[in-house]
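Following: one structure in C-alpha coordinates, then a few remarks.
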There are 2 protein chains.
Amino acid sequence: MAKFKLDEVDHQILDMLIDNTRTPFTDIAKRLLISAGTVHVRVKKMEDAGIIKGSSLTLDYEKLGYSFIAYVGVFLEKTHQTKFVLERLNQIPYITVAHITTGKFNIFCKVRARDTNHAKEIIFKIDDIEGVYRTETMISLEESINDKKRLMHTIFNEI
Amino acid sequence: MAKFKLDEVDHQILDMLIDNTRTPFTDIAKRLLISAGTVHVRVKKMEDAGIIKGSSLTLDYEKLGYSFIAYVGVFLEKTHQTKFVLERLNQIPYITVAHITTGKFNIFCKVRARDTNHAKEIIFKIDDIEGVYRTETMISLEESINDKKRLMHTIFNEI
DNA sequence: GGTGAAACTTCTAATAA
DNA sequence: TTATTAGAAGTTTCACC
(Lines give C-alpha, C1' and ligand atoms only; values in the text may rest on other atoms or scores of the structure.)
Protein backbone atom coordinates (compact mmCIF):
# COMPACT_ATOMS: atom_id res chain seq x y z
CA MET A 1 0.00 0.00 0.00
CA ALA A 2 1.45 3.33 -1.06
CA LYS A 3 2.29 5.91 1.51
CA PHE A 4 0.46 9.18 1.34
CA LYS A 5 2.67 12.15 1.92
CA LEU A 6 1.59 14.47 4.67
CA ASP A 7 3.45 17.68 5.26
CA GLU A 8 3.98 19.45 8.55
CA VAL A 9 0.76 21.44 8.18
CA ASP A 10 -1.36 18.33 7.57
CA HIS A 11 0.32 16.74 10.52
CA GLN A 12 -0.47 19.63 12.83
CA ILE A 13 -4.07 19.70 11.65
CA LEU A 14 -4.47 15.99 12.35
CA ASP A 15 -2.82 16.46 15.70
CA MET A 16 -5.43 18.98 16.77
CA LEU A 17 -8.38 17.10 15.31
CA ILE A 18 -7.34 13.80 16.90
CA ASP A 19 -7.76 15.41 20.30
CA ASN A 20 -11.08 16.93 19.41
CA THR A 21 -12.74 16.46 16.06
CA ARG A 22 -14.89 19.52 16.61
CA THR A 23 -11.97 21.88 16.98
CA PRO A 24 -13.06 24.84 14.86
CA PHE A 25 -11.03 25.28 11.69
CA THR A 26 -10.66 28.91 12.68
CA ASP A 27 -8.83 27.86 15.86
CA ILE A 28 -6.55 25.55 13.92
CA ALA A 29 -5.91 28.33 11.42
CA LYS A 30 -4.98 30.78 14.16
CA ARG A 31 -2.59 28.33 15.77
CA LEU A 32 -0.88 27.42 12.50
CA LEU A 33 -0.92 30.96 11.14
CA ILE A 34 -2.79 29.97 8.02
CA SER A 35 -6.29 30.77 6.82
CA ALA A 36 -9.38 28.80 7.77
CA GLY A 37 -9.96 28.16 4.08
CA THR A 38 -6.63 26.36 3.86
CA VAL A 39 -7.50 24.18 6.84
CA HIS A 40 -10.75 23.32 5.16
CA VAL A 41 -9.08 22.39 1.87
CA ARG A 42 -6.42 20.31 3.63
CA VAL A 43 -8.95 18.37 5.67
CA LYS A 44 -11.07 17.75 2.61
CA LYS A 45 -8.05 16.48 0.72
CA MET A 46 -7.19 14.06 3.50
CA GLU A 47 -10.78 12.88 3.61
CA ASP A 48 -10.90 12.40 -0.15
CA ALA A 49 -7.62 10.49 -0.06
CA GLY A 50 -9.13 8.29 2.64
CA ILE A 51 -6.41 9.10 5.16
CA ILE A 52 -9.16 10.39 7.40
CA LYS A 53 -11.65 7.54 7.37
CA GLY A 54 -14.10 9.13 9.74
CA SER A 55 -14.61 10.40 13.22
CA SER A 56 -16.13 8.94 16.29
CA LEU A 57 -17.15 9.71 19.83
CA THR A 58 -15.36 8.12 22.72
CA LEU A 59 -17.95 7.00 25.25
CA ASP A 60 -17.24 6.13 28.85
CA TYR A 61 -18.47 2.56 28.98
CA GLU A 62 -17.66 2.30 32.68
CA LYS A 63 -20.17 5.05 33.38
CA LEU A 64 -22.68 3.09 31.33
CA GLY A 65 -22.18 0.05 33.55
CA TYR A 66 -19.69 -1.80 31.36
CA SER A 67 -16.42 -1.92 33.22
CA PHE A 68 -15.28 -5.39 32.27
CA ILE A 69 -12.86 -5.96 29.38
CA ALA A 70 -11.51 -9.33 28.32
CA TYR A 71 -9.66 -10.73 25.37
CA VAL A 72 -10.79 -14.14 24.22
CA GLY A 73 -8.74 -16.42 22.00
CA VAL A 74 -10.82 -18.89 20.02
CA PHE A 75 -9.58 -22.30 18.84
CA LEU A 76 -11.56 -23.79 15.99
CA GLU A 77 -12.04 -27.45 15.24
CA LYS A 78 -9.89 -29.01 12.52
CA THR A 79 -12.71 -28.82 10.00
CA HIS A 80 -13.24 -25.25 10.93
CA GLN A 81 -15.41 -22.78 9.10
CA THR A 82 -13.96 -19.44 10.09
CA LYS A 83 -16.61 -17.51 8.23
CA PHE A 84 -19.46 -19.33 9.91
CA VAL A 85 -18.02 -18.76 13.37
CA LEU A 86 -17.39 -15.09 12.65
CA GLU A 87 -21.00 -14.65 11.63
CA ARG A 88 -22.07 -16.12 14.95
CA LEU A 89 -19.60 -13.97 16.85
CA ASN A 90 -20.94 -10.96 15.02
CA GLN A 91 -24.34 -11.63 16.57
CA ILE A 92 -22.91 -11.09 20.04
CA PRO A 93 -22.87 -7.32 20.48
CA TYR A 94 -20.49 -7.49 23.43
CA ILE A 95 -17.75 -8.56 21.05
CA THR A 96 -16.48 -5.22 19.84
CA VAL A 97 -13.46 -6.39 17.85
CA ALA A 98 -12.47 -9.69 16.25
CA HIS A 99 -9.44 -10.62 14.20
CA ILE A 100 -8.59 -13.75 12.25
CA THR A 101 -5.10 -14.58 13.45
CA THR A 102 -2.17 -16.87 12.91
CA GLY A 103 -0.31 -18.06 15.95
CA LYS A 104 -1.91 -19.54 18.99
CA PHE A 105 -5.53 -18.81 18.18
CA ASN A 106 -7.64 -18.92 15.05
CA ILE A 107 -9.79 -15.99 16.06
CA PHE A 108 -9.11 -13.39 18.62
CA CYS A 109 -11.71 -11.05 20.09
CA LYS A 110 -12.25 -8.27 22.54
CA VAL A 111 -15.23 -8.50 24.86
CA ARG A 112 -16.93 -5.70 26.80
CA ALA A 113 -19.16 -6.84 29.64
CA ARG A 114 -20.92 -5.54 32.72
CA ASP A 115 -19.13 -7.78 35.19
CA THR A 116 -17.60 -11.20 35.69
CA ASN A 117 -20.91 -13.00 35.55
CA HIS A 118 -21.95 -11.28 32.40
CA ALA A 119 -18.55 -12.08 30.86
CA LYS A 120 -19.00 -15.72 31.81
CA GLU A 121 -22.31 -15.81 29.96
CA ILE A 122 -20.72 -14.29 26.88
CA ILE A 123 -17.78 -16.67 26.91
CA PHE A 124 -20.11 -19.64 27.30
CA LYS A 125 -21.99 -18.36 24.28
CA ILE A 126 -18.76 -18.28 22.31
CA ASP A 127 -17.88 -21.79 23.49
CA ASP A 128 -21.27 -23.00 22.31
CA ILE A 129 -20.81 -21.87 18.73
CA GLU A 130 -20.59 -24.82 16.34
CA GLY A 131 -17.00 -25.25 15.22
CA VAL A 132 -15.45 -23.69 18.31
CA TYR A 133 -13.17 -26.20 19.98
CA ARG A 134 -12.30 -24.17 23.04
CA THR A 135 -11.49 -20.64 24.17
CA GLU A 136 -8.92 -18.98 26.35
CA THR A 137 -9.75 -15.82 28.26
CA MET A 138 -7.48 -13.02 29.39
CA ILE A 139 -9.15 -10.57 31.72
CA SER A 140 -7.97 -6.98 31.60
CA LEU A 141 -7.13 -5.64 35.04
CA GLU A 142 -6.16 -2.26 33.71
CA GLU A 143 -5.78 -0.57 30.36
CA SER A 144 -2.33 0.91 30.82
CA ILE A 145 -1.58 2.22 27.36
CA ASN A 146 -4.02 3.59 24.81
CA ASP A 147 -2.36 6.15 22.65
CA LYS A 148 -3.15 6.87 19.05
CA LYS A 149 -1.12 10.05 18.89
CA ARG A 150 2.35 8.65 19.44
CA LEU A 151 2.06 6.38 16.44
CA MET A 152 0.90 9.24 14.27
CA HIS A 153 3.82 11.41 15.33
CA THR A 154 6.23 8.57 14.63
CA ILE A 155 4.76 7.93 11.23
CA PHE A 156 5.01 11.59 10.41
CA ASN A 157 8.62 11.85 11.45
CA GLU A 158 9.54 8.94 9.20
CA ILE A 159 8.11 10.47 6.08
CA MET B 1 -20.07 2.36 38.77
CA ALA B 2 -23.55 3.79 38.52
CA LYS B 3 -25.42 3.63 35.28
CA PHE B 4 -26.33 6.88 33.67
CA LYS B 5 -29.80 6.97 32.23
CA LEU B 6 -30.05 7.90 28.59
CA ASP B 7 -33.42 8.31 26.98
CA GLU B 8 -34.37 7.59 23.40
CA VAL B 9 -33.44 11.11 22.28
CA ASP B 10 -29.96 10.94 23.82
CA HIS B 11 -29.53 7.57 22.21
CA GLN B 12 -30.44 8.85 18.76
CA ILE B 13 -28.12 11.82 19.16
CA LEU B 14 -25.23 9.56 20.10
CA ASP B 15 -26.11 7.29 17.24
CA MET B 16 -25.69 10.09 14.72
CA LEU B 17 -22.59 11.56 16.34
CA ILE B 18 -20.85 8.19 16.57
CA ASP B 19 -20.98 7.96 12.79
CA ASN B 20 -19.76 11.49 12.31
CA THR B 21 -18.88 13.75 15.16
CA ARG B 22 -19.22 16.80 12.97
CA THR B 23 -22.85 16.15 12.11
CA PRO B 24 -24.44 19.59 12.51
CA PHE B 25 -26.79 19.82 15.45
CA THR B 26 -29.31 21.32 13.07
CA ASP B 27 -29.31 18.09 11.04
CA ILE B 28 -29.77 16.01 14.16
CA ALA B 29 -32.59 18.31 15.25
CA LYS B 30 -34.36 17.97 11.92
CA ARG B 31 -34.14 14.20 11.99
CA LEU B 32 -35.38 13.91 15.55
CA LEU B 33 -38.00 16.66 15.17
CA ILE B 34 -36.58 18.68 18.04
CA SER B 35 -34.79 22.01 18.13
CA ALA B 36 -31.06 22.45 17.66
CA GLY B 37 -30.96 24.08 21.08
CA THR B 38 -32.24 20.89 22.64
CA VAL B 39 -29.58 18.86 20.87
CA HIS B 40 -26.99 21.27 22.17
CA VAL B 41 -28.25 20.98 25.76
CA ARG B 42 -28.40 17.19 25.58
CA VAL B 43 -24.90 16.84 24.20
CA LYS B 44 -23.55 19.25 26.80
CA LYS B 45 -25.23 17.25 29.54
CA MET B 46 -23.69 14.02 28.30
CA GLU B 47 -20.29 15.68 28.09
CA ASP B 48 -20.62 17.10 31.60
CA ALA B 49 -21.68 13.71 32.92
CA GLY B 50 -18.59 12.24 31.26
CA ILE B 51 -20.60 9.82 29.14
CA ILE B 52 -19.04 11.46 26.12
CA LYS B 53 -15.35 11.43 26.96
CA GLY B 54 -14.17 12.97 23.72
CA SER B 55 -13.97 12.48 20.02
CA SER B 56 -11.33 11.26 17.67
CA LEU B 57 -10.46 10.84 14.05
CA THR B 58 -10.17 7.42 12.52
CA LEU B 59 -7.10 7.35 10.30
CA ASP B 60 -6.39 4.79 7.64
CA TYR B 61 -3.07 3.40 8.82
CA GLU B 62 -2.83 1.10 5.83
CA LYS B 63 -2.75 4.11 3.56
CA LEU B 64 0.02 5.52 5.74
CA GLY B 65 2.07 2.38 5.19
CA TYR B 66 1.13 0.56 8.38
CA SER B 67 -0.82 -2.50 7.37
CA PHE B 68 0.51 -4.95 9.92
CA ILE B 69 -1.39 -5.64 13.15
CA ALA B 70 -0.32 -8.12 15.80
CA TYR B 71 -1.27 -8.91 19.34
CA VAL B 72 1.60 -9.74 21.65
CA GLY B 73 1.21 -11.52 24.95
CA VAL B 74 4.02 -10.79 27.40
CA PHE B 75 5.16 -13.17 30.15
CA LEU B 76 7.09 -11.53 32.95
CA GLU B 77 9.75 -13.11 35.12
CA LYS B 78 8.73 -14.30 38.58
CA THR B 79 10.20 -11.22 40.21
CA HIS B 80 8.36 -9.08 37.75
CA GLN B 81 7.99 -5.35 37.89
CA THR B 82 4.89 -4.71 35.84
CA LYS B 83 5.20 -0.96 36.15
CA PHE B 84 8.79 -0.91 34.96
CA VAL B 85 7.98 -3.03 31.91
CA LEU B 86 4.96 -0.90 31.07
CA GLU B 87 7.11 2.21 31.13
CA ARG B 88 9.46 0.57 28.65
CA LEU B 89 6.57 -0.57 26.47
CA ASN B 90 5.23 2.94 26.53
CA GLN B 91 8.42 4.11 24.86
CA ILE B 92 7.64 1.99 21.81
CA PRO B 93 5.18 4.07 19.79
CA TYR B 94 4.10 1.10 17.70
CA ILE B 95 2.40 -0.33 20.76
CA THR B 96 -0.96 1.36 20.60
CA VAL B 97 -2.74 -0.47 23.39
CA ALA B 98 -1.57 -2.44 26.42
CA HIS B 99 -3.53 -4.13 29.19
CA ILE B 100 -2.42 -5.72 32.40
CA THR B 101 -4.18 -9.09 32.35
CA THR B 102 -4.88 -12.18 34.34
CA GLY B 103 -4.91 -15.44 32.49
CA LYS B 104 -2.22 -16.64 30.19
CA PHE B 105 -0.22 -13.43 29.93
CA ASN B 106 0.84 -10.73 32.37
CA ILE B 107 0.62 -7.96 29.82
CA PHE B 108 -1.11 -7.94 26.55
CA CYS B 109 -0.52 -5.44 23.77
CA LYS B 110 -1.52 -4.46 20.30
CA VAL B 111 1.21 -3.64 17.81
CA ARG B 112 0.92 -1.66 14.57
CA ALA B 113 3.81 -2.09 12.17
CA ARG B 114 4.76 -1.49 8.56
CA ASP B 115 5.39 -5.11 7.68
CA THR B 116 6.64 -8.43 9.01
CA ASN B 117 10.22 -7.25 9.32
CA HIS B 118 9.26 -4.16 11.18
CA ALA B 119 7.07 -6.22 13.48
CA LYS B 120 9.97 -8.56 14.14
CA GLU B 121 12.10 -5.59 15.21
CA ILE B 122 9.39 -4.39 17.58
CA ILE B 123 8.84 -7.81 19.10
CA PHE B 124 12.59 -8.25 19.63
CA LYS B 125 12.56 -4.90 21.40
CA ILE B 126 9.81 -6.14 23.69
CA ASP B 127 11.70 -9.38 24.34
CA ASP B 128 14.76 -7.35 25.28
CA ILE B 129 13.02 -5.41 28.05
CA GLU B 130 14.40 -6.31 31.46
CA GLY B 131 11.88 -8.47 33.29
CA VAL B 132 10.26 -9.88 30.16
CA TYR B 133 10.55 -13.65 30.20
CA ARG B 134 9.12 -14.33 26.76
CA THR B 135 6.41 -13.18 24.38
CA GLU B 136 3.85 -14.84 22.20
CA THR B 137 2.67 -13.21 19.00
CA MET B 138 -0.61 -13.49 17.18
CA ILE B 139 -0.61 -11.92 13.76
CA SER B 140 -3.86 -10.47 12.51
CA LEU B 141 -4.74 -11.70 9.05
CA GLU B 142 -7.93 -9.74 8.93
CA GLU B 143 -9.93 -7.48 11.20
CA SER B 144 -13.33 -9.06 10.76
CA ILE B 145 -15.37 -7.24 13.38
CA ASN B 146 -14.97 -3.69 14.61
CA ASP B 147 -18.26 -2.30 15.69
CA LYS B 148 -18.84 0.21 18.42
CA LYS B 149 -22.44 0.89 17.52
CA ARG B 150 -23.94 -2.51 18.26
CA LEU B 151 -22.75 -2.39 21.85
CA MET B 152 -24.23 1.06 22.31
CA HIS B 153 -27.58 -0.05 20.95
CA THR B 154 -27.56 -3.06 23.22
CA ILE B 155 -26.69 -0.99 26.25
CA PHE B 156 -29.45 1.41 25.42
CA ASN B 157 -32.06 -1.28 25.03
CA GLU B 158 -31.19 -2.70 28.43
CA ILE B 159 -31.74 0.51 30.30
C1' DG C 1 -0.41 25.62 -3.77
C1' DG C 2 -2.42 29.99 -0.49
C1' DT C 3 -5.39 34.28 0.99
C1' DG C 4 -9.17 37.17 2.46
C1' DA C 5 -13.64 38.43 2.36
C1' DA C 6 -18.49 37.49 1.33
C1' DA C 7 -22.36 34.49 1.75
C1' DC C 8 -24.11 31.01 4.03
C1' DT C 9 -24.67 27.76 7.89
C1' DT C 10 -24.32 26.50 12.58
C1' DC C 11 -23.72 27.31 17.48
C1' DT C 12 -24.97 28.96 21.82
C1' DA C 13 -27.08 31.30 25.51
C1' DA C 14 -30.87 33.98 27.13
C1' DT C 15 -35.56 34.22 27.44
C1' DA C 16 -40.00 32.47 27.39
C1' DA C 17 -43.31 28.78 27.56
C1' DT D 1 -37.55 20.14 29.91
C1' DT D 2 -38.01 22.14 25.50
C1' DA D 3 -38.64 25.91 21.89
C1' DT D 4 -37.57 30.32 19.98
C1' DT D 5 -34.68 33.72 18.80
C1' DA D 6 -30.87 36.55 17.56
C1' DG D 7 -26.15 37.73 17.75
C1' DA D 8 -21.70 35.37 17.63
C1' DA D 9 -18.98 32.07 15.54
C1' DG D 10 -17.65 28.77 12.04
C1' DT D 11 -17.68 26.94 7.27
C1' DT D 12 -17.18 27.16 2.50
C1' DT D 13 -16.58 29.22 -1.86
C1' DC D 14 -14.31 32.06 -5.05
C1' DA D 15 -11.78 35.71 -7.30
C1' DC D 16 -7.21 36.77 -7.07
C1' DC D 17 -2.31 36.06 -5.66
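Below, chains carry the letters A, B, ... as their sequence lines are ordered, and counting in each starts from 1.
- Between B/Thr38 and the phosphate of D/dT2, there is no side-chain N or O to OP1/OP2 separation shorter than 4.0 Å.
- Going from atom CG of B/Leu33 over to atom C1' of D/dT4 covers 17 Å, rounded to whole Å.
- Rounded to a whole Å, the CE atom of B/Met46 is 15 Å from the C1' atom of D/dT1.
- Atom CD1 of B/Ile28 and atom P of D/dT2 are 15 Å apart (whole Å).
- For A/Gln81, the CD atom counts as loosely surrounded, since its 6.0 Å shell holds 12 or fewer non-hydrogen atoms of other residues, nucleotides or ligands.
- A/Lys45 comes within 4.0 angstrom of sugar-phosphate atoms only, judged by non-hydrogen atoms across all strands, and of no base.
- A distance of 5.0 Å separates CD1 of A/Ile52 from CD of A/Glu47, quoted to the nearest 0.5 Å.
- In this structure, A/His118 has its ring center at least 6.0 angstrom away from the ring center of A/Phe68.
- With salt bridges taken as basic N to acidic carboxylate O contacts below 4.0 Å, none links B/Asp27 and B/Arg22.
- Straight-line distance from the CZ atom of B/Arg42 to the P atom of D/dT1: 7 Å, rounded to whole Å.
- Atom-to-atom, NZ of B/Lys44 to C1' of C/dA13 comes out at 11 Å; the value is rounded to the nearest Å.
- A cation-pi arrangement, defined by a distance under 6.0 Å to the six-membered ring centre and an angle within 45 degrees of its axis, is absent between A/Arg112 and A/Tyr66.
- Taking a cutoff of 4.0 Å between a charged side-chain nitrogen and a carboxylate oxygen, B/Asp48 and B/Lys45 do not qualify as a salt bridge.
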Below 3.5 Å between N/O atoms, which protein atoms pair up with nucleotides 5-11 of chain C? Just atom names and distances, please.
| residue | atom | partner | partner atom | Å |
| --- | --- | --- | --- | --- |
| C/dC11 | OP1 | A/Arg22 | NH2 | 2.9 |
| C/dC11 | OP1 | B/Phe25 | N | 3.3 |
| C/dC11 | OP2 | B/Phe25 | N | 2.8 |
| C/dC11 | OP2 | B/Thr26 | N | 3.3 |

